[in-house]
Amino acid sequence: MTSQMRRIALARRPSGVPVPEDFAMETGPIPTPGAGEVLIEVSHHSLDPYMRGRMDDAGSYAASLELGETMIGQGIGRVLASEAEGFAQGDVVTGMTGWASHAVLPGDQLRVLDPSVPATTALGVLGMPGFTAWTALREYGRPKAGETLVIAAATGPVGAMVGQLAKAAGLRTVAIAGGDQKCQLALEKFGFDAAIDHRAHSEANSLRAALAEVCPDGVDIYWENVGGKILEAVTPLMNVHGRIPVCGTIAWYGGSDEAANRLPQVWRAILTKRLSVNGFIIFDHWDGFPAFLEEVAPKIAAGEIAYLEDITEGLENAPQTFIGMLTGGNTGKTIIKV
Ligand SMILES: NC(=O)c1ccc[n+]([C@@H]2O[C@H](COP(=O)([O-])OP(=O)(O)OC[C@H]3O[C@@H](n4cnc5c(N)ncnc54)[C@H](OP(=O)(O)O)[C@@H]3O)[C@@H](O)[C@H]2O)c1
């Protein structure tokens with residue numbers, strides 16, 4: 001056990017895509033758990049796109065981080081000391097540790113991990129991103145065999161899970177991903193029927209033409225992960241009564257995508273095609289998490305669902321890795337090994 005706690009704090013509010021100066025490494029004494037609390041030595045923490053929103057002070061569905069506050073995020077680690085019932089030294093647990101080497105959390109905000117699957121899966125395929133895919137595909141995608149689904153960020157933890165669940169439900173699945181290597185992964189590892197490299201198309205019209213070729217029957221479900229050029233390309237290809245689960249718009253997280261200025265075309269397609277467009281935030285659905293684990297964990301243990309993790313070593317590398325993930329530098333679920 002090291003004698004100091006290290007944490008990455010929000011040093012400055014970013015403008016657009018964050019830069020390393022927006023973060024600061026802080027050190028201090030390792031905290032002591034009070035009654036009902038647990039001290040965790042964090043082994044890994046997650047990096048997720050939603051964290052970018054928390055760095056702004058604009059109002060959103062969740063509170064902003066304060067300057068100086070530890071960057072938010074889920075982590076996993078070993079219990080060093082417990083003052084909470086149900087937790088013993090050495091237990092491997094998960095909770096909202098933040099980007100830090102140690103965390104003290106109330107026992108009722110922690111979960112002991114299932115040892116039959118690798119602990120890091122709790123951050124991706126068996127955690128919030130996998131659960132998001134599992135929940136919202138059924139609830140808002142309403143997939144039917146024979147339909148076509150299109151998804152971007154297709155090799156990320158949300159995209160890879162949506163693609164595999166849709167394929168298992170009998171849909172034609174079309175991936176949009178950044179670069180040849182990710183397109184190959186989408187086809188070979190995650191079983192997509194077709195994959196398009198969005199980086200090869202600087203214009204929405206060109207991307208739309210490429211998509212039209214691999215979606216000969218149109219698009220029934222467009223799972224919205226990205227917004228921007230991709231939304232603009234796909235929406236006119238939607239079939240009547242198509243569904244668009246709106247999960248994320250990462251192309252706009254830095255506020256700079258010029259496609260945002262052309263949104264009226266997209267909204268008109270929503271009207272004329274009578275599309276169902278459902279925004280959702282996974283936090284509203286946590287009561288379904290035990291059912292998700294019960295169904296999906298055995299499939300992960302049996303190797304029936306593929307997943308990919310992109311693990312970078314060193315807490316000090318979290319800011320740069322996070323910045324890279326926001327612009328496609330990750331291949332699979334982004335994780336920091338503290
Ligand atoms: N609503 C909810 O409750 C909820 C829950 C979880 C996640 N989300 C959202 O779901 C989306 C995917 O999350 P994730 O964790 O699976 O992320 P991820 O795929 O691990 O990482 C983000 C990916 O987005 C793609 N990307 C970034 N900028 C892009 C651009 N301008 N155009 C096209 N692609 C771009 C990149 O993939 P390529 O290199 O392949 O382009 C990048 O690797 C995000 O928008 C996230 O905010 C929402």
Side-chain angles (χ1 to χ4, degrees), residues 16-17 46-55 60-62 73-74 123-125 127-137 139-141 150-164 174-187 190 192 195-204 207 222-234 244-260 277-286 288-289 292 307-312 321-335:
V17 176
S46 181
L47 292 176
D48 296 272
Y50 77 83
M51 297 165 179
R52 171 65 189 85
R54 303 294 174 87
M55 298 172 79
S60 181
Y61 61 88
Q74 190 192 346
L123 303 179
V125 68
M128 186 276 285
F131 178 53
T132 298
W134 182 83
T135 301
L137 180 63
E139 190 151 342
Y140 305 119
V150 171
I151 185 163
T155 62
V158 173
M161 184 67 136
V162 168
Q164 290 179 88
V174 175
I176 301 175
D180 281 347
Q181 191 214 351
K182 287 190 182 179
C183 287
Q184 281 311 311
L185 266 174
L187 296 171
F190 301 121
F192 281 90
I196 303 237
D197 175 7
H198 66 83
R199 295 189 193 281
H201 301 274
S202 57
E203 278 295 313
L207 178 59
Y222 168 54
W223 178 288
E224 173 65 300
N225 266 345
V226 169
K229 177 182 73 184
I230 293 170
L231 172 63
E232 199 184 346
V234 180
I244 305 183
V246 182
C247 180
T249 54
I250 194 166
W252 292 326
Y253 291 178
S256 62
D257 194 305
E258 67 164 44
V277 179
N278 280 101
F280 65 90
I281 298 294
I282 197 59
F283 306 157
D284 298 335
H285 299 266
W286 277 125
F289 193 71
F292 160 73
Y307 65 97
L308 193 61
E309 295 174 339
D310 189 337
I311 302 182
T312 298
T321 308
F322 177 63
I323 294 164
M325 182 260 296
L326 289 175
T327 48
N330 62 314
T331 302
K333 168 66 203 153
T334 312
I335 293 173

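Atoms within a ligand are numbered from 1 in the order they appear, just like the ligands themselves. Note that the structure is predicted; figures quoted are calculated from it, not measured. Numbers for residues simply follow the sequence, beginning at 1.
Near Ile281, with a cut-off below 4.0 Å to any heavy atom, the atoms of ligand 1 are 3 (O). Atoms of ligand 1 found under 4.0 Å from any heavy atom of Asn330, numbered from 1 in the order shown, are 18 (P), 20 (O), 21 (O), 42 (C), 43 (O). Listed by number with element, the atoms of ligand 1 under 4.0 angstrom from any heavy atom of Ala177 are 40 (O).
Residue contacts with ligand 1: Tyr253 is placed with a nitrogen or oxygen under 3.5 Å of a nitrogen or oxygen of the ligand (distance criterion only). The distance criterion of under 3.5 Å between nitrogen or oxygen atoms is met by Val158 with respect to ligand 1. Residue contacts with ligand 1: Phe280 is placed with a nitrogen or oxygen under 3.5 Å of a nitrogen or oxygen of the ligand (distance criterion only). At least one N/O-N/O distance between Gly178 and ligand 1 falls below 3.5 Å. On a distance-only criterion, Asn225 and ligand 1 share at least one N/O pair closer than 3.5 Å. Checked by distance only, ligand 1 and Thr334 stay at 3.5 Å or farther apart across all their nitrogen or oxygen atoms. In terms of polar-atom proximity, defined here as any N/O pair under 3.5 Å, Lys182 does make such a contact with ligand 1. Remark: ligand 1 and Gly248 share no N or O pair separated by less than 3.5 Å (distance only, no angle test). The shortest N/O to N/O separation between Asp48 and ligand 1 does not fall below 3.5 Å. The shortest N or O to N or O distance between Cys247 and ligand 1 is below 3.5 Å.
Neither the backbone nor the side chain of Lys333 has a heavy atom within less than 4.0 Å of ligand 1. Counting heavy atoms closer than 4.0 Å to ligand 1, residue Pro129 contributes nothing at all.
Taking a 4.0 Å cut-off on heavy atoms, Leu326 registers as neighbouring ligand 1. Residue Lys229 places every heavy atom at 4.0 Å or more from ligand 1. Using a non-hydrogen distance threshold of 4.0 Å, Gly228 does not register as a contact of ligand 1. Residue Val226 places a heavy atom under 4.0 Å from ligand 1.
The residue among Gly332, Gly329, Ala153 with a heavy atom at the shortest distance from atom 25 (C) of ligand 1 is Ala153.
Legend: residues meeting side-chain contact (heavy atoms from CB on, under 4.5 Å) with Asn278, ordered by chain and number and at least two apart, are Tyr140, Arg142, Ser276.
Ring pair Trp286/Phe289 is perpendicular by interplanar angle, where above 60° counts as perpendicular and below 30° as parallel.
Between Ile250 and the choices Thr327, Leu326, Asn225, the side-chain contact (heavy atoms from CB on, under 4.5 Å) rule is met once, by Leu326.
Considering only heavy atoms from C-beta on, Gln181 stays 4.5 Å or farther from Gln184 through its side chain.
For the residue pair Ser202/Lys229, the side-chain donor-acceptor check at 3.5 Å is not satisfied.
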